[in-house]
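So that the names make sense, note that chain A is the first sequence line, chain B the second, and so on, each numbered from 1.
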2 protein chains.
Amino acid sequence: MTTDRDWSCNDPQKRIEWAAATTEALRVLEGKWKIIILCQLFAAKGPLRFSELERLIEGVNQKMLIQQLKQLEKDDIVRRTVYPQVPPKVIYELTETGFALGPSIAALIDWAEMKRQRTVPTPADCG
Amino acid sequence: MTTDRDWSCNDPQKRIEWAAATTEALRVLEGKWKIIILCQLFAAKGPLRFSELERLIEGVNQKMLIQQLKQLEKDDIVRRTVYPQVPPKVIYELTETGFALGPSIAALIDWAEMKRQRTVPTPADCG
DNA sequence: CAGGATCCGCTTCGATACTG
DNA sequence: CAGTATCGAAGCGGATCCTG
């Protein structure tokens, strides 16, 4: 893991520039559902249909899902493929850039799992 | 890396339950500035003062920074320590749970860096 | 099935001004 | 320095109706 990498910088001005550039790059992940969408796409290990995403992501509605997918597509994180048939079929999958997020997503999923195991079996539940 | 881990599940119902639980766990990272804040705290390899965070995170305003930090504190991701002195000094640092996000954060930073290097030197700039 | 368009209320965000 | 208070702007969420 790269946990021990050193991003700090002796030059305060460069440190701020680095921070600004990082902020800018992460801006494409802004949006309430984007990381969750990416988690599901990554965990699926393959393309997902719109309806599958909708079912996997609890609490999202069509409008928001479409909006966030559009932005991810525009930012070249996911690719949208339309099959010209009736009824229509549209699949979403990670682009190369999106797939490069794999390590982050995997680590996030692991973290979520750990957090869940740590918080679910609370002693308070035993009365 | 855990990129080759298998989170998929043969049982569709369990797959949906897993997705819901993951969504729920990731909810604490919702908010426009949280991941960016965590990136900066992680890259700093130590506590940061409020004013330092403010300087490092371009585009954030005091109100949002305070709000997001408060939520992160409530969710036990960051710890807030007040030094009772004049002028006031408050530091923020990762808790154990927050620090456990290290691998994700590190990978996100790497991704941002890669994305930057890939998109900045665009051939279009050469006319 | 996979959207698109619009309206509406709610929540979040952003800018400025002010406080201990 | 590290916050609060306030207010307008933007984003989110739900409902409804429509297209191919």
Q.
Among residues at least two apart in sequence or on other chains, which ones pass salt bridge (charged side-chain N to carboxylate O under 4.0 Å, His left out) with A/Glu113?
A.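 Scan of A/Glu113 (salt bridge (charged side-chain N to carboxylate O under 4.0 Å, His left out), adjacent residues dropped) gives A/Arg116.
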
Q.
Can you list everything that forms a salt bridge (charged side-chain N to carboxylate O under 4.0 Å, His left out) with B/Glu24? Sequence neighbours excluded, please.
A.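 Once residues adjacent in sequence are excluded, the partners of B/Glu24 under the salt bridge (charged side-chain N to carboxylate O under 4.0 Å, His left out) criterion are B/Arg27.
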
Rounded distance in Å - [atom1] ([X]) to [atom2] ([N]):
X	N	atom1	atom2	answer
A/Ile57	C/dA2	CD1	P	14 Å
B/Ile36	C/dC13	CD1	P	12 Å
B/Ile91	D/dC1	CD1	P	16 Å

Could you list all N or O pairs between the protein and nucleotides 13-20 of chain D that sit under 3.5 Å apart?
{"residue": "D/dG13", "atom": "OP1", "partner": "A/Lys32", "partner atom": "NZ", "Å": "2.2"}
{"residue": "D/dG13", "atom": "OP2", "partner": "A/Trp33", "partner atom": "NE1", "Å": "2.9"}
{"residue": "D/dG13", "atom": "N7", "partner": "A/Lys63", "partner atom": "NZ", "Å": "3.2"}
{"residue": "D/dG13", "atom": "O6", "partner": "A/Lys63", "partner atom": "NZ", "Å": "2.8"}
{"residue": "D/dG14", "atom": "OP2", "partner": "A/Asn61", "partner atom": "ND2", "Å": "3.4"}
{"residue": "D/dG14", "atom": "O6", "partner": "A/Lys63", "partner atom": "NZ", "Å": "2.7"}

Q.
Suppose clustering is done on Ile, Leu, Val, Met, Phe, Trp and Tyr with side-chain heavy atoms closer than 4.5 Å. Which residues sit in the same group as B/Tyr83?
A.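 Noted: B/Tyr83 shares its cluster with B/Ile91.
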
Q.
Students often get this wrong, so: under 4.0 angstrom with heavy atoms, is A/Tyr92 touching a base, only sugar-phosphate, or nothing?
A.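 Answer is sugar-phosphate: A/Tyr92 comes under 4.0 Å of backbone atoms only.
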
Q) Within the distance-only criterion (no hydrogens, no angle test), does the side chain of A/Glu52 pair as donor or acceptor with the backbone N or O of A/Arg49 below 3.5 angstrom? A)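 Yes, A/Glu52 side chain to A/Arg49 backbone: donor-acceptor pair under 3.5 Å.
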
For [X], give me all partners under side chain to side chain contact (heavy atoms under 4.5 Å, CB included), at least two apart in sequence or on another chain.
X	result
A/Arg79	A/Thr81, A/Glu93, A/Thr95
B/Val28	A/Trp111, A/Lys115, B/Asp75, B/Ile77
A/Val82	A/Arg80, A/Val90
A/Lys74	none

Q: Kindly state which residues belonging to residues 46-56 of chain B come within less than 4.0 angstrom of DNA chain D, counting heavy atoms of the residue only, listed by number.
A: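 Within residues 46-56 of chain B, the residues near DNA chain D are B/Arg49, B/Phe50, B/Ser51.
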
Q. Considering only heavy atoms, which members of residues 66-80 of chain B lie under 4.0 Å from some atom of DNA chain D?
A.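 The stretch gives B/Ile66, B/Lys70, B/Arg80 as the residues lying under 4.0 Å from the strand, ordered by number.
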
Q. What side-chain hydrogen bond (donor to acceptor under 3.5 Å, both in side chains) pairs are there with at least one residue in residues 57-69 of chain A, not counting sequence neighbours?
A.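 Every candidate side-chain hydrogen bond (donor to acceptor under 3.5 Å, both in side chains) pair involving residues 57-69 of chain A fails, so no pair, neighbours aside, qualifies.
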
Only distances under 3.5 Å count here; give the side-chain donor-acceptor pairs of residues 31-38 of chain A to other protein atoms, sequence neighbours excluded, each with its distance to 0.1 Å.
{"residue": "A/Lys34", "atom": "NZ", "partner": "A/Glu30", "partner atom": "O", "Å": "2.8"}
{"residue": "A/Lys34", "atom": "NZ", "partner": "A/Gln71", "partner atom": "OE1", "Å": "2.8"}

